[in-house]
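Notes for the one structure printed next.
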2 protein chains.
Amino acid sequence: MSDQGSLRSTLHQRGMRMTPQRQLVLDAVRELGHATPEQVCRRVQGTASTVNITTIYRALDLLEELGLVRHTHLGHGAPTYSAEEHEHVHLACHRCGTIDEVSTDLLDDLCRDLLARFGFALDATHLALSGTCRNCRNADAAEERR
Amino acid sequence: MSDQGSLRSTLHQRGMRMTPQRQLVLDAVRELGHATPEQVCRRVQGTASTVNITTIYRALDLLEELGLVRHTHLGHGAPTYSAEEHEHVHLACHRCGTIDEVSTDLLDDLCRDLLARFGFALDATHLALSGTCRNCRNADAAEERR
DNA sequence: CTAAGTGCAAAAGGTTTGCGTCGTT
DNA sequence: AACGACGCAAACCTTTTGCACTTAG
């Protein structure tokens, strides 16, 4: 469904092409896991040094529109992009900033529930949940006792 | 727990004060529900026209640190701030951009699970879930049939 | 008097836009 | 020739920082 060939033809239908730059951006996102546009850019430039950051942004937008990559806002800074097939849930601690990744199985029930009650199809492939991690909760508890 | 008095004393312990500007920012966030720093600024300036956007950012940071407000990234643009007591889950459709709000009850099971399995205390008060809403799913299905 | 808080201007990200050029079809 | 894609530079928007001034304790 999202192999090289059908990707090419999807683009072709729209009068677009799979250029080397776009391929490099897609590869970079897949290899890096999560990466900011900046990081993707550096990676791509490792292979093709003249590729401009503007092209990175345009390619990321296109690839996202095609459903091949997705971006998420972890923390405060720039968003991070990752490949659609790279599935997991982020547990982001808003106290220490740590980000854990856990399986999307966790959300199966919630998914079912949302669909049944609201007709909403949750995209569980790339979700960020914020809260407090075990360490910070312990630290908080210790502080409380003082 | 978070009434005026204890807020004042919490700040006082840290050698800080509840200034008119900070109060206005907090009020604005509470009144606006979800608002970008920009929107908060305009609201505050309705009452005190000289307040600078820098002060808005600093106040929002402080209030967030105190746990009185929280920010979320809905969609692409600027983050939106809202008061901690304003509890709900956002269902954000990444196709049409609509944002629904539903009760946090939905997450009770997930909360329990996360805590038990990972020691992670989910902050369910202000969560954004992305996916596809009923309308867009129907539209997609119709398109598929063509 | 001291330190916190503010406003202002400038800097620093991060992202988008306009435009001239190049390569495909 | 026509159009999509690219690179470059500049514009833009949002957020942060440095600094001098004010003000509450």
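Proteins come first, then strands; the chains are lettered A, B, ... in the order of their sequence lines, and each starts at number 1. In this text the structure is predicted, and so the values were computed from the model without any measurement.
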In whole angstrom, what separates Leu60(B)'s CG from dT14(D)'s P? 14 Å

Which nucleotide sits closest to the side chain of Arg58(A): dG7(D), dT16(C), dT6(C)? dG7(D)

Given Thr10(A) and Met18(A), is the side chain to side chain contact (heavy atoms under 4.5 Å, CB included) satisfied, shown in steps? CA-CA 10 Å; Thr10(A) 306; Met18(A) 192 59 183; over 6 Å; no

On the 0 to 90° scale, with breaks at 30° and 60°, tag the Tyr81(A)-His71(A) ring pair as parallel, tilted or perpendicular. tilted

To the nearest Å, give me how far apart CG (Asp61(A)) and P (dA5(D)) are. 13 Å

Can you list, by residue number, the residues of residues 17-29 of chain B that have a non-hydrogen atom closer than 4.0 angstrom to DNA chain C? Arg17(B), Thr19(B), Gln21(B), Arg22(B)

Strictly below 4.0 Å, N to O, side chains only: are Arg58(B) and Asp61(B) in salt-bridge contact? no

Once you round it to whole Å, what is the distance between P of dA4(C) and CZ of Arg8(B)? 18 Å

Whole angstrom is fine here: how far is it from NE2 in His73(B) over to P in dT14(D)? 14 Å

Is Thr55(B) near enough to dG7(C) that one of its side-chain N or O atoms lies under 4.0 angstrom from OP1 or OP2? yes

Would one find a side-chain N or O of Asn52(B) under 4.0 angstrom from OP1 or OP2 of dT6(C)? no

Interatomic distance, Gln45(A) CD vs dC6(D) C1' [rounded to whole Å]: 14 Å

Are Arg43(A) and Glu38(A) ion-paired here, with the side-chain N under 4.0 Å from a carboxylate O? no

Rounded interatomic separation in angstrom, taking CD1 from Ile56(A) and C1' from dC6(D): 11 Å

Can you tell me how far C1' of dA3(C) sits from CE of Met16(B), to the nearest Å? 12 Å

Whole-Å distance between dA4(C) P and Gln13(B) CD? 15 Å

Would a distance-only check, ignoring hydrogens and angles, find a side-chain to backbone donor-acceptor pair under 3.5 Å from Arg134(A) to Phe118(B)? yes

Without swapping roles, check the side chain of Gln39(B) against the backbone of Thr36(B) for a donor-acceptor pair under 3.5 Å. yes

Does OP1 or OP2 of dT15(C) have a side-chain N or O of Tyr57(A) closer than 4.0 Å? yes

Just to be sure I understand the rule, does Thr50(B) reach a base, reach only the sugar-phosphate, or reach nothing, if contact means heavy atoms closer than 4.0 Å? sugar-phosphate

If you assign each of Thr54(B) and Arg14(B) to its closest nucleotide in DNA chain C, which residue comes earlier from the 5' end? Arg14(B)

Which residue in the set Leu129(B), Ile99(B), Val102(B) passes side chain to side chain contact (heavy atoms under 4.5 Å, CB included) when paired with His90(B)? Ile99(B)

